[in-house]
Amino acid sequence: MMGNRKVQVAVIGAGAAGLCAARHILAQPDVFAAPVVFESSDRVGGTWVYNEKTGTSDDGLPIHSSMYRDLKTNLPKEIMAYPDHPFPPNLPSFLHHSQVLAYLESYADHFKVKEHIQFRTLVEHVIPAPRPEGDADGITAWEVTVRYLGDRGGRVTHQFDAIMVCSGHFFDPFIPEIPGVENFQGLILHSHAYRCPEQFTDKTVVVLGAGPSGIDIALEICTVAKQVILSHRNALLKCPLPANLRQTPSVQGFSSTCVHFQDGSLQQADAFIFCTGYNYRFPFLMHQTGLQAGGVSLPPLYKHLIHPKLPNLFFIGLCTAVCPFILFDCQVRYGLAVLAGSCRLPSQEVMAAEVDKEYQRYLAAGKPPKNFVKLGSLQEGYYCLLAEEARFKPVPPVIFQVYEATSKSRTADLVNYKTVNLHLLSDEDWELV
C-alpha cells in the first residue's frame with residue numbers, strides 16, 4: 001500500500017511477461033489497483049504473434065515478432081507453462097508457435113486480463129516524476145506518456161507508482177560490422193526477417209551464428225537449399241547433421257559474390273543470414289532513468305530485475321537460456337512482493353555494491369558482458385533465491401531436470417530432439433512417453 005491507497009502499476013507490453021504481471025497484480029486486489037497494460041498491437045502474445053510481413057506494420061512501427069512460419073519450441077511444454085496454468089495435455093511436448101499463442105490467449109482469458117489492456121497504445125516516454133502533494137514516501141513516481149494509434153489518435157500522460165517493463169528483447173536486430181558487406185550482391189537479411197525456407201531453394205546460403213535461431217534456421221533451409229554453411233566461433237557441432245550442411249569459422253569479410261572466413265577459405269553464396277541476436281532496447285525510457293539501453297548487453301541489474309537507484313522500475317524477462325514463462329512468473333512475484341512491502345530490498349548503496357561485485361567477479365572469469373544475463377544451469381539457484389526472499393512456492397526440481405535433459409538431447413541430436421514427448425510424474429520425477 002502507498003499510505004492508505006492501493007499501488008498503481010503500469011505494465012508495458014501484453015506478451016507472455018506482461019500477461020503474467022497483470023495476472024499477479026489482479027490476484028492481490030487488497031494491495032494493488034487494477035493494472036493498466038499498454039500494448040502497441042491489437043492482440044496479446046507479443047513475439048508469439050506470427051506476422052508474415054517484415055519491416056514495418058500498417059501503423060509505421062517496426063514489426064515486433066521474430067517468429068518464422070514453421071518454428072517449433074526448443075523446450076518442451078512441460079517446462080514452459082506458467083506454474084498455475086498448464087498446457088492442454090493432448091498437445092505434443094514441442095509445440096508449433098501457434099499453439100503457444102493459443103495458450104497465452106487462454107491464460108489471458110482465464111485470469112481476466114484482457115479487460116485491463118489498452119490495445120494499439122504506444123508507450124512513448126517513461127520518466128521519473130515528483131510525488132503528489134502530501135504523498136512523501138521517498139519513492140519516485142512515474143509519468144507514462146502514451147500515443148493512441150489509428151483513428152483514435154492523441155497523446156495522454158498518466159502517473160503510476162511503479163512500472164513493469166515487459167516489452168521483450170527479440171525485436172531490434174544486432175548486425176555486426178563486417179568488412180565489405182556493402183559489396184555483397186546476394187540476398188542479406190537478419191533472422192528477425194526470416195519467415196520460410198522456400199526462397200532459398202537450390203541456393204547456397206551462409207548462416208552466421210550457431211545460437212538457437214541460427215541452428216534452427218540452418219536446419220530448416222537445408223531441406224530446400226543446395227548447400228548451407230553454418231559459420232560460427234563455437235566448438236564444432238559433433239552430432240549428425242544434414243549432408244548439405246557444412247560448418248566454418250566465423251566470417252572475415254565479403255566480396256561481390258563470396259563470403260570470406262577467418263581460416264582463409266571462401267565460399268560463393270547466393271544469400272547470407274545474420275543470426276546474431278538482438279539489441280536490448282527501451283526507446284520509451286528517457287535519459288533521467290540512466291537506462292536508455294542499446295546494444296547486446298545491459299547495465300547490470302539487482303537480481304537481474306531492478307536498477308538499484310530506481311527500485312520501483314522492474315525489467316521482466318531479460319535473462320536468456322531460461323524457461324521463459326517460469327522466469328517471468330518468479331520475477332513478477334518478486335517485484336510485487338517488493339512493492340507490497342513483504343520483501344524488503346537493501347539500501348540503494350548495498351544493492352549497487354552487490355551488483356558491481358557480482359559483475360566484476362563474472363568479468364574476471366573472462367566471460368563476455370553480454371552473457372551476464374545468461375542463466376542456463378544457474379536458473380535453479382536464481383529462482384529459488386527469488387522464491388525464498390519473496391516467500392512464494394519454489395519451482396519444482398523436476399523442471400530443472402527436464403531442462404538439463406533437453407539440453408543434452410539437443411546437443412546429441414539437433415535434427416530429431418523435438419520429436420520426443422515426455423510426461424511429468426511428480427515434482428521430482430518425469431518420463432519419456
Expected list for residues 378-398: side-chain donor-acceptor pairs under 3.5 angstrom, two or more places apart:
{"from": "Gln379", "atom 1": "OE1", "to": "Cys323", "atom 2": "N", "distance (Å)": "2.7"}
{"from": "Gln379", "atom 1": "OE1", "to": "Tyr383", "atom 2": "OH", "distance (Å)": "2.7"}
{"from": "Gln379", "atom 1": "NE2", "to": "Gly376", "atom 2": "O", "distance (Å)": "3.2"}
{"from": "Tyr382", "atom 1": "OH", "to": "Lys303", "atom 2": "O", "distance (Å)": "2.5"}
{"from": "Tyr382", "atom 1": "OH", "to": "Gln331", "atom 2": "NE2", "distance (Å)": "2.8"}
{"from": "Glu389", "atom 1": "OE1", "to": "Tyr334", "atom 2": "OH", "distance (Å)": "3.2"}
{"from": "Arg391", "atom 1": "NH2", "to": "Ser342", "atom 2": "O", "distance (Å)": "2.5"}

Going by distance alone, is a donor N or O of one side chain under 3.5 Å from an acceptor N or O of the other, for [X] and [Y]?
X: Gln247; Y: His232; answer: yes
X: Gln262; Y: Arg233; answer: no
X: Thr157; Y: Thr145; answer: yes
X: His85; Y: Ser106; answer: yes

Between [X] and [Y], which heavy-atom pair has the shortest distance, and what is it?
X: Gly214; Y: Val207; value: O-CG1, 3.8 Å
X: Tyr82; Y: Cys20; value: CE2-CB, 3.8 Å
X: Pro346; Y: Val350; value: CB-CG1, 3.6 Å
X: Glu78; Y: Ile399; value: O-CD1, 3.8 Å
X: Asp161; Y: Asn312; value: O-ND2, 2.8 Å
X: Ala269; Y: Val259; value: CB-CG2, 4.2 Å

Please evaluate residues Val36 and Gln118 with respect to the criterion side-chain contact (heavy atoms from CB on, under 4.5 Å), reporting the C-alpha separation (whole Å), side-chain torsions for both, the decisive distance (0.1 Å), and the verdict. CA-CA 7 Å; Val36 179; Gln118 295 190 17; 3.6 Å; yes
Backbone of [Y] reached by a side-chain donor or acceptor of [X] within 3.5 Å:
X: Ser65; Y: Thr47; result: yes
X: Ser93; Y: Leu422; result: yes
X: Gln99; Y: His96; result: yes
X: Tyr103; Y: Pro86; result: no
X: Thr411; Y: Ser407; result: yes
X: Ser191; Y: Tyr194; result: no
X: Ser409; Y: Tyr417; result: no
X: Lys6; Y: Pro29; result: yes
X: His97; Y: Arg69; result: yes
X: Lys53; Y: Ile63; result: no

Check whether any side-chain heavy atom of [X] lies under 4.5 Å from a side-chain heavy atom of [Y], and answer yes or no.
X: His304; Y: Phe372; result: yes
X: Val322; Y: Cys319; result: yes
X: Ile215; Y: Leu237; result: yes

Is the distance between the ring centroids of His169 and Tyr280 under 6.0 Å?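 Yes, close enough.
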Centroid-to-centroid, Phe274 to Phe272, below 6.0 Å?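 Ring centroids of Phe274 and Phe272 are less than 6.0 Å from each other.
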Would you give the length of the straight line joining atom OG of Ser213 to atom CD of Glu220, rounded to the nearest 0.5 angstrom?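 Output value for this atom pair is 11.5 Å.
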Any chance you could measure Thr54, atom OG1, to His192, atom NE2, to the nearest 0.5 Å?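 So the OG1 of Thr54 and the NE2 of His192 are separated by 8.0 Å.
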Considering the options Ser41, Ser40, Pro283, which one meets the side chain to side chain contact (heavy atoms under 4.5 Å, CB included) requirement together with Leu122?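 Single pass found, and it is Ser40.
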For the side chain to side chain contact (heavy atoms under 4.5 Å, CB included) test, which of Val37, Val44, Leu149 pairs with Phe119?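 Testing each of Val37, Val44, Leu149 against Phe119, the sole residue satisfying side chain to side chain contact (heavy atoms under 4.5 Å, CB included) is Val44.
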Could you tell me if Arg195 sits above the aromatic ring of Tyr68, with its cationic atom closer than 6.0 Å to the ring centre and no more than 45 degrees from the axis?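 No, cation not above the ring by the 6.0 Å, 45° rule.
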Is Lys309 atom NZ crowded by more than 12 heavy atoms from other residues, nucleotides or ligands, each under 6.0 Å away?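 Count not over threshold, so no.
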Take atom NZ of Lys72 as the centre, draw a 6.0 Å sphere, and report whether it contains more than 12 heavy atoms from other residues, nucleotides or ligands.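 Counting neighbours around NZ of Lys72, more than 12 heavy atoms of other residues, nucleotides or ligands fall under 6.0 Å, so yes.
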Between the side chains of Arg23 and Asp329, is the shortest nitrogen-to-carboxylate-oxygen separation below 4.0 Å, so that they form an ion pair?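 So Asp329 does not pair with Arg23 through a salt bridge.
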Any salt bridge between Glu39 and Arg120, counting N to O under 4.0 Å?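 Here Glu39 does not pair with Arg120 in a salt bridge, since their nearest N and O are not under 4.0 Å apart.
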Between Phe284 and Val165, is a side-chain contact (heavy atoms from CB on, under 4.5 Å) present by the stated rule, with each step listed? CA-CA 10 Å; Phe284 46 81; Val165 178; 3.7 Å; yes
